[in-house]
Amino acid sequence: MESYFPFTLAGLIVGFIVGMTGVGGGSLMTPILLHFGIAPTSAVGTDLLYAAITKAGGIHVHHKKRNIDWRITAWLAVGSLPASLL
């Protein structure tokens, strides 16, 4: 039986550090996944999905507290979405 505890522990540690500092989890989680022997493309894809899910929770909390300037968010998206598609 394969143990997933190391992955859960890594998620807990990275989530805690990101929550405390706001520093990007990608710079933490992807190297951890590579250390676990995950292929680089899978590590990046897995980290992106993990980040999207956890950031959705952060968006919800900050939206409730009215901490988001949606106008600036829209302008950031105007630049970042086309760039990410390229």
Side-chain angles (χ1 to χ4, degrees):
M1 183 169 131
E2 190 173 349
S3 172
Y4 293 102
F5 179 73
F7 295 105
T8 303
L9 183 61
L12 176 72
I13 292 168
V14 170
F16 179 76
I17 292 170
V18 171
M20 294 296 292
T21 65
V23 174
S27 60
L28 301 170
M29 185 57 77
T30 299
I32 291 171
L33 291 174
L34 292 172
H35 177 73
F36 286 149
I38 305 297
T41 53
S42 292
V44 170
T46 301
D47 180 45
L48 286 173
L49 179 59
Y50 168 78
I53 293 168
T54 57
K55 286 178 190 238
I59 291 168
H60 175 72
V61 170
H62 283 284
H63 176 70
K64 282 176 52 175
K65 293 182 177 187
R66 301 187 188 279
N67 292 335
I68 300 173
D69 186 330
W70 290 105
R71 249 180 336 169
I72 293 173
T73 303
W75 281 110
L76 291 170
V78 166
S80 66
L81 291 176
S84 67
L85 292 173
L86 287 174

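Since the model is a prediction, treat every value here as computed from it, not as a measurement. In this chain, residues are counted from 1 in sequence order.
Sequence neighbours left out, the pairs with a member in residues 38-68 that pass ring pair (Phe, Tyr, Trp, His ring centres under 6.0 Å) are His63-Trp70.
The two residues Ala77 and Pro82 come nearest to each other via the heavy atoms O-CD, 3.7 Å. A pairwise comparison of heavy atoms in Ala43 and Leu34 identifies CB-CD2, 4.0 Å as the closest pair.
With values rounded to the nearest 0.5 angstrom, Leu81 atom CG is found 6.5 Å from Leu85 atom CG.
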N/O donor-acceptor pairs under 3.5 Å from side chains in residues 8-32, not counting sequence neighbours:
unit_1: Thr8; atom_1: OG1; unit_2: Tyr4; atom_2: O; d: 3.3
unit_1: Thr21; atom_1: OG1; unit_2: Ile17; atom_2: O; d: 2.7
unit_1: Thr21; atom_1: OG1; unit_2: Val23; atom_2: N; d: 3.1
unit_1: Ser27; atom_1: OG; unit_2: Gly24; atom_2: O; d: 2.8
unit_1: Thr30; atom_1: OG1; unit_2: Gly26; atom_2: O; d: 3.4
unit_1: Thr30; atom_1: OG1; unit_2: Asp47; atom_2: OD2; d: 3.2

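By the rule that hydrophobic residues join a cluster once side-chain heavy atoms approach within less than 4.5 Å of another member, Phe5 and Ile38 end up as members of one cluster.
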